Amino acid sequence: MVLKAVDNNTAKKTKIRRTVSLRLLLIVGFGGLVALSVGGVLVMSVLANFSNTHSLLDRQATLLIEGMERSFKKDAEDAERTVRSVAQLYEQNAFEIGDDTTQTPVLKTLLLSHQVVENIAIVDGNGRISGLIRTPQQKIVQLMPGRGGAERKRRPAIQQFPKAGKAEWQDPVIRNGVLFHNVTYALSRRGKVDGMVVAAVGAYSLNRIVRGIGTANETRTFVMNGEDEIIAHSYLPQLFRDNPSIPINEFPDDAVQGIAGKIDREAMENESGADSFRVRNIKNARRNEYVVITKKIAAMSKQPYVLAAYFNAADLGSELRRARISALIGLLALILAVVLAVIFGNRLSRPLARISKTASQFANLDLGAYKPLPASRVREIDGQVQAMNSMHTALTEFGHYVPKELVKRLLHSGTEATRSVEREITVMFTDVAGFTAMSEQMTAGDVVKVLNEHFALLCEEIAACGGTVDKFMGDGLMAFWGAPEADKDHARNALEAARRIANAFEIGNRERAADGEQPLKLRIGIHTGRAVVGNIGGTDRHNYTVVGDIVNVASRLEQLGKQIIEDRDIVILVSSACRTAAADPEGLRPAGSHMLRGRKKPISVFELMTDDETAASGRPGEANEMSA
């Protein structure tokens, strides 16, 4: 127990809260629990089979082989799910073959979510290959472009694309000294096969399975192919770093040579099926006897493999001696482990579950549903609770100064979310006409109240249409569409936001008039074009904003509204570029060609009609058609 230090003056007012080190708790509780539980189960298994030691080892080896087989099939199924997912996404028009812009994000997401798969390639109808590969340093890079074909030893000779709707495993491939297993799946749309996807499972998968199961159970295991070669071994994984396979007669372990040399042809030629087990006693050249169990599987390759696990028969005596000593302890340990698991599991799982749920809420910026976490007596958990509570306050305040969508991207993608990029976007400027003169007759508090209500209205409609508020400038506002998330409908969404702002603004003016207050007048300018979007600023402070001539044009359009607003409460001027990008929507009427300050050529300008103006013009459905 560790007491938190407190000042003598505050000790009487603050109750001392004792905490326990999580590290100590886990070592004493769960560390001992796992050791006792596993040891107890193993001892109970040995004691139950005490009368027949050979049967005990056979059964244990069988379980190991079954575990290896399950792991192989699980990895194979994971790779098959990957290619099926790619095919489904292609059929749903999520990407185009060979188009890096659409293809790369899809393949990258699948590579990150399926760690078994080390690379994904797309082959088009002409045999051209494109795709991504995960390097040993866990970086995702592009495959070198090339064409299909038997270019290397054991490269799969795929004469035609696989049948649609079926994952097909090919013969293993050796690439850069590494053995890969490839599964293919046809890419088709509307019944036509356009290409195929190939997912590769590397030698890492085989050695991970064999080494993990073999070392965890103190058993030697290996995998053998049909060419008298060893391709994985639990105790000698380093042999396969530079050699994807080693011939049996060259393998540096005489036990494996003697065992593999006697079982390879039996396993490959004489066994009745892939589900059959073979248990036998085999002697090597030194006359050492081994208990060996093998199984033939047909996973990850057209060519079946043999899984093998073996024990030295001389170890049976020591196995029995260990069983006698630990058998009685095992039963008591198992009972104690269950009791401890219930006690410690309940005490630790509840606060950790709350912290996990809170972290998920933060990741999604679901701050409204947050409830402060209660304190814990476990020091490390208590520290996390306090950090979470403080983080909620920081994120809430942070969200008031930075666009919510940008905060989400920062949480998920880090600084990559604010990297400067050039793309086509739509920019909006707004300004309250004559507000400076109006504010001279108002108190400072009333000015702030009117501005806050006005900006709240604008921000709500902009956010509802997928826009990002860039900055506030006195009584004006700048917003943009198409960043940080790309939006192909950015122009239409900006026009829809302007229409919604106009409707809400007119309702607000009617309420102001009913309250005897002076109505506001609003100018809006909207322009579409290419710009740089990202972090702009110095080394210690940045602003996520838009840079480019598009900003100047949108601002000039808003100022042009001074010549047009006349007695109307709101005027929305739209450039011809925005009109074109929005696919010439309804609800726009020509406002002439104007020479904007700072530009050499005039620009065609259109006015976006509000719903009231559209209804007055005799076309009541026009505004709705524009936003459809």
Side-chain angles (χ1 to χ4, degrees), residues 403-406 423-432 454-472 476-509 520-531 533 546 550-551 553-555 557-558 560-561 564-565 568-591 604-617 619-628:
K404 186 174 182 180
E405 189 62 35
L406 180 60
R423 64 172 61 155
E424 183 180 84
I425 63 171
T426 299
V427 175
M428 171 190 288
F429 272 83
T430 75
D431 187 69
V432 179
H454 172 68
F455 286 137
L457 181 151
L458 267 60
C459 292
E460 179 180 356
E461 302 302 344
I462 291 171
C465 295
T468 299
V469 175
D470 184 293
K471 60 175 68 71
F472 301 98
L477 172 147
M478 173 184 170
F480 55 85
W481 282 257
E485 294 292 342
D487 179 9
K488 60 184 177 64
D489 295 324
H490 52 86
R492 292 184 65 86
N493 290 334
L495 294 179
E496 171 65 11
R499 186 186 64 81
R500 295 175 59 153
I501 288 172
N503 294 337
F505 189 79
E506 289 177 341
I507 293 173
N509 268 351
L520 302 178
K521 295 181 181 294
L522 181 65
R523 300 190 303 266
I524 298 178
I526 306 175
H527 180 52
T528 297
R530 298 194 66 81
V533 187
V546 178
I550 178 179
V551 179
V553 174
S555 177
L557 286 172
E558 174 268 310
L560 181 63
I564 301 176
I565 196 167
R568 287 178 292 167
D569 290 343
I570 183 167
V571 61
I572 304 170
L573 298 184
V574 180
S575 69
S576 59
C578 179
R579 175 174 176 263
T580 301
D584 193 12
E586 298 290 342
L588 292 177
R589 62 187 175 197
S604 297
V605 180
F606 296 83
E607 183 179 356
L608 177 64
M609 293 186 292
T610 65
D611 285 355
D612 289 346
E613 292 174 328
T614 302
S617 68
R619 290 176 291 178
E622 192 173 61
N624 291 333
E625 292 172 4
M626 179 202 73
S627 61

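This one's a predicted model, so the numbers in the text were calculated from it and none came from an experiment. All residue numbers in this chain count up from 1 along the given sequence.
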A479 and I462: which non-hydrogen atoms are nearest, and at how many Å? CB-CD1, 3.8 Å
Is any side-chain heavy atom of T610 less than 4.5 Å from a side-chain heavy atom of R499? no
Which heavy atom of F429 sits nearest a heavy atom of A554, and at what distance? CD1-CB, 3.6 Å
Rounded distance (nearest 0.5 Å) linking atom CG of L573 with atom NE2 of H527: 13.0 Å
When I572, V553, L557, V427 are each screened for side-chain contact (heavy atoms from CB on, under 4.5 Å) with I526, the one that passes is I572
For residues C459 and F472, determine if any side-chain heavy atom of one lies less than 4.5 Å from a side-chain heavy atom of the other. yes
Check whether any side-chain heavy atom of N509 sits under 4.5 Å from a side-chain heavy atom of L520, and report yes or no. yes
Separation between CG (D431) and CG (L522), nearest 0.5 Å, reads 8.0 Å
Shortest non-hydrogen separation from A498 to L608 and the atoms involved: CB-CD2, 3.9 Å
Sorted by chain and number, sequence neighbours left out, side-chain hydrogen bond (donor to acceptor under 3.5 Å, both in side chains) with S555 holds for Q559
Kindly compute the distance separating CE (M478) from CE (M428), expressed to the nearest 0.5 Å. 11.5 Å
Option passing side-chain contact (heavy atoms from CB on, under 4.5 Å) with C465 (candidates E496, R492, H490): E496
Looking only at heavy atoms, which two atoms of E424 and A581 are closest? And how far apart? OE1-CB, 4.4 Å
Partner residues of T430 under the side-chain hydrogen bond (donor to acceptor under 3.5 Å, both in side chains) criterion, sequence neighbours left out: none
Nearest-0.5 Å distance, OG1 of residue T426 to CH2 of residue W481: 8.0 Å
Check: R523 side chain, V571 main-chain N or O, donor-acceptor pair, under 3.5 Å: no
Which atom pair, heavy atoms only, marks the closest approach of A582 to A491? N-CB, 3.7 Å
N/O donor-acceptor pair under 3.5 Å between R579 side chain and V574 backbone: no
From L457 CG over to R500 CZ, what is the distance, rounded to the nearest 0.5 angstrom? 10.5 Å
